[in-house]
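Notes for the one structure printed next.
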Amino acid sequence: QVQLVESGGGSVQAGGSLRLSCAASTYTSTSTCMGWFRQAPGKQREGVAAVFPGAGRTTYTASVKGRFTISQDNAANTLYLQMNSLKPEDTAMYYCAANFGSAGGAYCAPGLRGYWGQGTQVTVSS
């Protein structure tokens with residue numbers, strides 16, 4: 001069982017920045033992919049960004065392109081999400097996801113050997 005623990009959430013004003021971290025209990029170098037999702041009250045969970053090390057690529061949902069940056073530090077077994085120019089519509093619970101040995105879904109949604117973190121709250125005020 002892999003544990004994913006997010007941190008770094010908080011409350012900021014519009015235009016501010018936050019960096020989310022997701023610490024894994026295993027070697028992230030063995031991951032198939034890792035990603036970030038978010039869920040606002042009353043809305044479905046949506047993919048925000050993902051990294052696919054084997055393919056050497058990252059992907060972002062359109063609304064965060066140019067503002068958010070996903071990165072994976074295998075030496076620290078940690079996934080990051082740098083969020084700049086935050087907007088009130090970015091307010092949500094943010095979740096880390098990872099797959100180890102399974103392909104996963106869009107934005108690395110957990111598959112057969114996938115896991116979710118418990119989430120960290122991000123609140124952006126106008």
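Note that the coordinates shown come from a computational prediction; the quantities given were computed from them, not determined experimentally. In what follows, every heavy atom counts, from backbone to side chain, and hydrogens, waters and symmetry copies are set aside.
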Heavy atoms only: give me the nearest S102-L112 pair and the separation to one decimal. OG-N, 3.8 Å
Pairwise distance CE(M83) to OG1(T69) - rounded to 0.5 angstrom: 11.0 Å
Working to the nearest 0.5 angstrom, can you tell me the gap between L79 CG and I70 CD1? 4.5 Å
When you measure from the side chain of N99 to the backbone of C33, do you find a donor-acceptor pair of N or O atoms at a distance under 3.5 Å? no
Answer yes or no for R38 and Y94: cation-pi contact, defined as NZ/CZ to six-membered ring centre under 6.0 Å and angle to ring axis within 45°. no
Could you tell me whether a side-chain N or O of T91 sits under 3.5 Å from a main-chain N or O of T123, the two making a donor and an acceptor? no
Treating Ile, Leu, Val, Met, Phe, Trp and Tyr as nodes and any side-chain heavy-atom pair under 4.5 angstrom as an edge, say whether Y60 and V51 lie in one connected cluster. yes
Answer whether the closest heavy-atom distance between the side chains of Y115 and Q3 falls below 4.5 Å. no
Roughly how far apart are Y95 OH and L4 CG, rounded to 0.5 Å? 13.5 Å
Judged by atom type as modelled, is there a donor-acceptor pair below 3.5 Å linking the side chain of T78 to the main-chain atoms of A76? yes
V64 with Y107, same ILVMFWY side-chain cluster at under 4.5 Å: no
Where the side chain of E6 meets the backbone of Q118, is there a donor-acceptor pair that is under 3.5 Å apart? yes
Verify, without hydrogens or angle tests, whether R67 (side chain) and S85 (backbone) share a donor-acceptor contact under 3.5 angstrom. yes
Value for CZ (R113) from OG (S31), rounded to nearest 0.5 Å, stands at 14.0 Å
Using 0.5 Å steps for rounding, measure from the SG atom of C22 to the CG atom of N77. 10.5 Å
Which distance, rounded to the nearest 0.5 Å, do you find between the NZ of K87 and the OG of S63? 7.5 Å
Is the centre of the W116 ring less than 6.0 Å from the centre of the F37 ring? yes
Mind listing the closest non-hydrogen atom pair of P53 and T32 along with its distance? CD-O, 3.5 Å
Same hydrophobic cluster for L81 and L18, using side-chain heavy-atom links shorter than 4.5 Å among ILVMFWY? yes
Using the rule given for side-chain contact (heavy atoms from CB on, under 4.5 Å), can you reason through S11 versus Q121, listing the C-alpha separation, both sets of side-chain angles and the distance that settles it, and then say yes or no? CA-CA 8 Å; S11 297; Q121 178 68 38; over 6 Å; no
Should F68 and V124 be regarded as members of a common hydrophobic cluster, given that ILVMFWY residues are connected when their side-chain heavy atoms come within less than 4.5 Å of each other, either directly or indirectly? yes
